[in-house]
Amino acid sequence: MIRYFYFFIIGAILMSSCGEMREEITIKPNGSGTYDISADMIPMMRGMMEGFAKMSIAEGEEADSAAIAAKVDEMLWKDFGDEIDSVMSFDEKIPENIKSDPEKMALIENAEMYMRGGKSKGYLLSGLTLNFKNADDLQKLMELSKESTENDPKASMLFANSNTTMKISKNSLFRNSVREEDDTTATPTLDELTSLFDDFSIITVINTPKKIKSVKVKAYEVIKQTDKSVTLKYDLEDIISNEPSEIMIKW
């Protein structure tokens, strides 16, 4: 997992194969703000451990699902504390081609990788927070993320050939993502992706500096809205379609 896109957490997120990726954008009045992306690693770890446990059962024996689940849960949290809140260093994970690029390094210096949760909370979030100056920083992050996913087959199945445009003005946010068709690459079917990603979705939370006037989306589903926040859901079937996704929020 120590790869180019490791420090954008996408590698860790896609390893989960199920559950959801969560991103949250908080915008300040001057157009700066924070971008956070994370995923709970526990479902992936639990699924892998349960799979190995079932494989170890002798032929002809009946699996005791409850006993397996209890044992897995015990082993799952053995190396983790009740509460975890740690920051991870980028230093060992940044390849030389990134270190030699001042613009990309400036972006990384404003980002922080973390791990939060623990046994008492029942989750373990692996994530990244970026403090952005403006929409250009977010645009650069999207481009760097896209470049990184091209080096990983599993990530490419979901995110390759997807071009994202991000704009933030004093009273609006616009994000558009278009998946380009590539004749040289076989497009995976929904069944093929479902076998890998089970019940995968992306939750996007956008917090605005002022009261929201309007929300228009394509492909997304609005699942919650308050005066200054809107929560959207983007499902697997929509992610892999060639239909563009779009978010337009005015405040």
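Count residues from 1 along the sequence.
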What pairs with Asp137 under salt bridge (Lys or Arg N to Asp or Glu O under 4.0 Å), at least two apart in sequence or on another chain? Lys133
Partner set under salt bridge (Lys or Arg N to Asp or Glu O under 4.0 Å) for Asp85, not counting sequence neighbours: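 Listed in chain order: Arg116.
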From CA spacing to verdict: side chain to side chain contact (heavy atoms under 4.5 Å, CB included), Ile206, Arg175: CA-CA 11 Å; Ile206 298 173; Arg175 185 169 78 179; over 6 Å; no
[X]: what forms a side chain to side chain contact (heavy atoms under 4.5 Å, CB included) with it, not counting sequence neighbours?
X: Glu74; value: Lys71
X: Tyr123; value: Asp40, Lys121, Leu125
X: Asn131; value: Thr34

Ser126 and Met41: which non-hydrogen atoms are nearest, and at how many Å?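 Scanning both residues completely, I find the closest heavy atoms to be CB-CG, 3.7 Å.
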Testing the basics here: between Thr226 and Ile212, what is the closest heavy-atom pair and its distance to 0.1 Å?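 Shortest heavy-atom contact: O-CD1, 4.0 Å.
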Who pairs with [X] by side chain to side chain donor-acceptor pair (under 3.5 Å), at least two apart in sequence or on another chain?
X: Thr231; result: none
X: Ser169; result: Asn171, Ser172
X: Glu24; result: Asn207
X: Thr165; result: none

Heavy-atom distance under 4.5 Å between the side chains of Asp36 and Tyr114, does that happen here?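 Asp36 vs Tyr114: side chains touch.
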Glu83 side-chain N/O to Gly118 backbone N/O, donor-acceptor pair under 3.5 Å: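 Looks like no, no N/O pair under 3.5 Å.
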May I have all residue pairs that pass salt bridge (charged side-chain N to carboxylate O under 4.0 Å, His left out) and include part of residues 212-232, sequence neighbours excluded?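 Sorted result for residues 212-232: empty, none.
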Starting from the C-alpha separation in whole Å, work towards a yes-or-no answer on side chain to side chain contact (heavy atoms under 4.5 Å, CB included) for Tyr35 and Glu23. CA-CA 7 Å; Tyr35 176 82; Glu23 59 174 358; 2.5 Å; yes
Hey, mind stepping through Val217 and Val230 against side chain to side chain contact (heavy atoms under 4.5 Å, CB included) and telling me if it holds? CA-CA 11 Å; Val217 296; Val230 61; over 6 Å; no
Table please: side-chain donor-acceptor pairs of residues 244-251 below 3.5 Å, with sequence neighbours left out.
| from | atom 1 | to | atom 2 | distance (Å) |
| --- | --- | --- | --- | --- |
| Glu246 | OE1 | Asn176 | ND2 | 3.3 |
| Trp251 | NE1 | Lys170 | O | 3.1 |

Interatomic distance, CG@Asp73 vs NZ@Lys78, rounded to 0.5 Å, equals 14.0 Å
